[in-house]
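Both counts, for ligands and for their atoms, begin at 1 and track the order of listing. Source: prediction; values computed, not measured.
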Amino acid sequence: MGAGVFITLEGVEGSGKTTHAKILADALRAAGRDVIITHEPGGTRAGQAIRAIFLDPAVSLDLAAELLLVLADRAQHVREKLKPALAAGTIVISDRYADSTVAYQGYARGFDLDFLRELNRLATDGIMPDLTIVLDCRVPTGLARISQRMSGASSPRRPDRFEGEDADFHARVRQGFLEIARDEPGRVRVVDSEQSLERVSAEIRRLVDELLERRCP
Ligand code: T5A
């Protein structure tokens with residue numbers, strides 16, 4: 001990896017990743033840092049096409065096809081966007097990355113975790129985040145935020161492939177993220193995202209400032 005800094009936000013649906021990616025990026029830019037926000041799936045043009053199939057509940061997908069689609073999205077994302085940005089010294093904030101595959105396709109869908117880590121090695125080309133923040137909230141809290149957001153939208157949409165899964169599925173995803181954090185405490189930090197937006201963003205900022213102090217004082 002070049003001189004850039006790679007930060008990922010992970011967590012269950014509605015845990016606040018998109019909101020906090022933006023708050024963090026705005027704060028870092030105000031401090032004079034060069035920052036991009038990206039996301040998976042869909043961070044590239046090819047990824048947008050993959051995302052449309054991946055999330056559409058009306059498209060029948062075998063679980064192996066679902067897995068390979070999200071890995072294809074990542075392989076393109078890493079090579080087209082992440083590696084060049086990191087090589088240019090940018091701070092890259094990604095809303096979801098490789099840990100989502102371990103949590104969703106592994107802990108929740110049941111694929112072998114070591115097999116997924118091997119596939120992630122191929123898709124990521126070995127690029128792993130310097131810091132991953134798991135925004136942790138209870139599943140009903142996250143889902144309630146999503147349905148509130150949907151009901152307030154000007155053009156309401158149906159739940160996507162994952163939002164439509166049952167509570168047990170989302171509970172396994174949450175557990176998966178917490179186990180990933182337990183297994184890799186040096187890289188992955190958990191923030192309670194049921195706190196106010198201000199408190200969550202302050203905790204995220206503290207973790208990021210610690211990282212930046214170590215990486216580029
Ligand atoms: N997926 C993805 C896989 O299965 N495998 C993989 O490898 C990958 C990469 C992507 C889906 O793909 C799956 C997982 C996902 O299901 P997506 O559309 O990109 O789907 O959606 P999500 O990443 O799940 O993002 P969401 O939009 O659903 O949720 P966020 O981004 O976590 O939440 P956000 O920030 O939009 O917040 C939701 C609402 O809550 C409010 C916000 O204002 C917003 O209205 N909110 C708070 N309110 C009060 N207090 C707080 N602390 C709040 N934080 C946020």
Side-chain angles (χ1 to χ4, degrees), residues 8-26 37-44 47-48 50-57 59 61 63-78 81-82 93-111 113 116-117 119-120 122-124 129 132-153 156-166 169-170 172-174 176-177 180 191-204:
T8 58
L9 296 177
E10 299 277 11
V12 295
E13 321 287 312
S15 54
K17 301 171 298 298
T18 310
T19 304
H20 286 289
K22 187 170 181 321
I23 293 172
L24 175 62
D26 288 347
I37 302 182
T38 186
H39 63 279
E40 289 193 0
T44 63
Q48 286 163 19
I50 293 170
R51 178 183 171 93
I53 302 170
F54 185 72
L55 291 184
D56 186 350
V59 176
L61 273 187
L63 295 187
E66 175 189 291
L67 169 63
L68 293 170
L69 278 176
V70 85
L71 291 164
D73 168 78
R74 182 160 307 128
Q76 188 63 30
H77 188 213
V78 166
K81 200 164 180 183
L82 298 188
I93 302 170
S94 186
D95 180 347
R96 297 196 181 279
Y97 190 61
D99 296 314
S100 277
T101 305
V102 177
Y104 280 80
Q105 280 65 46
Y107 283 93
R109 293 289 199 220
F111 280 98
L113 301 181
L116 291 182
R117 289 187 189 108
L119 291 173
N120 260 334
L122 170 68
T124 62
T132 294
I133 296 170
V134 171
L135 293 175
D136 181 54
C137 68
R138 287 167 294 173
V139 169
T141 304
L143 294 180
R145 287 176 183 169
I146 297 290
S147 63
Q148 206 174 358
R149 192 183 57 194
M150 273 191 217
S151 63
R157 58 166 179 83
R158 285 194 307 161
D160 70 29
R161 183 181 307 282
F162 297 94
E163 290 161 354
E165 290 287 349
D166 64 21
F169 176 90
H170 293 291
R172 293 197 296 278
V173 171
R174 182 185 184 199
F177 282 124
I180 291 168
V191 170
D192 174 2
S193 77
E194 296 207 24
Q195 306 175 88
S196 68
L197 280 175
E198 292 71 26
R199 287 193 72 133
V200 177
S201 56
E203 275 196 40
I204 292 173

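The shortest contact between atom 24 (O) of ligand 1 and any protein heavy atom is with R96 NH2, 2.8 Å. Atom 27 (O) of ligand 1 has as its closest protein heavy atom R149 NH1, 2.9 Å. The protein non-hydrogen atom at the shortest distance from atom 19 (O) of ligand 1 is R51 NH1, 3.1 Å. F54 CE2, 3.5 Å is the protein heavy atom nearest to atom 12 (O) of ligand 1. Looking at atom 8 (C) of ligand 1, its nearest protein heavy atom turns out to be S100 CB, 3.5 Å. Residue, atom and distance of the protein heavy atom nearest to atom 29 (O) of ligand 1 are G14 N, 3.1 Å.
Ligand 1 is approached by S15 to a heavy-atom distance shorter than 4.0 Å. In this structure, Q195 has a heavy atom closer than 4.0 Å to ligand 1. Taking a 4.0 Å cut-off on heavy atoms, Q148 fails to register as neighbouring ligand 1.
No option in I133, V134, L135 other than L135 meets the side-chain contact (heavy atoms from CB on, under 4.5 Å) test with K17.
Side-chain atoms of L61 and R161, non-hydrogen and from C-beta on, do get closer than 4.5 Å to each other. Residues F111 and L119 are not in side-chain contact: their nearest non-hydrogen atoms beyond the backbone lie 4.5 Å or more apart. The side-chain heavy atoms of H39 and R96, taken from C-beta on, include no pair separated by under 4.5 Å. With a 4.5 Å cut-off on side-chain heavy atoms, L143 and V12 do not count as touching. The shortest distance between side-chain heavy atoms of F169 and Y107 does not fall below 4.5 Å. Between K81 and Q76 the shortest side-chain heavy-atom distance does not fall below 4.5 Å. Counting only heavy atoms from C-beta outward, the side chains of L82 and T38 approach each other to under 4.5 Å.
Salt-bridge check for E40 with R51: failed, with every basic side-chain N at 4.0 Å or more from each acidic carboxylate O.
Listed by number with element, the atoms of ligand 1 under 4.0 Å from a non-hydrogen atom of Q105 are 3 (C), 4 (O), 5 (N), 6 (C), 7 (O). The atoms of ligand 1 that sit less than 4.0 Å from any heavy atom of S193 are 52 (N). Proximity to E40 (heavy-atom distance under 4.0 Å) selects the following atoms of ligand 1: 9 (C). Atoms of ligand 1 found under 4.0 Å from any heavy atom of T19 (numbered from 1 in listed order, with element): 34 (P), 35 (O), 37 (O), 42 (C), 43 (O). Near T101, meaning under 4.0 Å from any of its heavy atoms, are these atoms of ligand 1: 6 (C), 7 (O).
Only side-chain heavy atoms of R74 come within less than 4.0 Å of ligand 1; its backbone N, CA, C and O stay farther off. Contacts of L55 with ligand 1, taken as heavy-atom pairs under 4.0 Å, involve the side chain alone. Residue contacts with ligand 1, taken as heavy atom pairs separated by less than 4.0 Å, involve I146 solely via side-chain atoms from C-beta onward. Contacts of K17 with ligand 1, taken as heavy-atom pairs under 4.0 Å, involve both backbone and side chain. If you look at V70 next to ligand 1, the close heavy atoms, those under 4.0 Å, all belong to the side chain.
Annotation: T18 places an N or O atom under 3.5 Å from an N or O atom of ligand 1; distance criterion only. Between G16 and ligand 1, an N or O atom pair is found at a separation short of 3.5 Å. Of the N or O atoms in E13, one or more lie within a sub-3.5 Å distance of an N or O in ligand 1.
When R145, E66, R199 are checked for heavy-atom proximity to atom 40 (O) of ligand 1, R145 turns out nearest.
Side-chain N/O atoms of T101 and R74 include a donor and acceptor closer than 3.5 Å. When only modelled atom types and interatomic distance are considered, T8 and S94 share no side-chain donor-acceptor pair under 3.5 Å.
Between F177 and Y104, the ring planes are perpendicular. Angles over 60° get that label, and only those under 30° would be called parallel.
Within the structure, every pair that satisfies the salt bridge (charged side-chain N to carboxylate O under 4.0 Å, His left out) test and touches residues 138-152, not counting sequence neighbours, is listed here: R138-E194.
Note that CD1 of I93 is 11.0 Å distant from CD1 of I23, once rounded to the nearest 0.5 Å.
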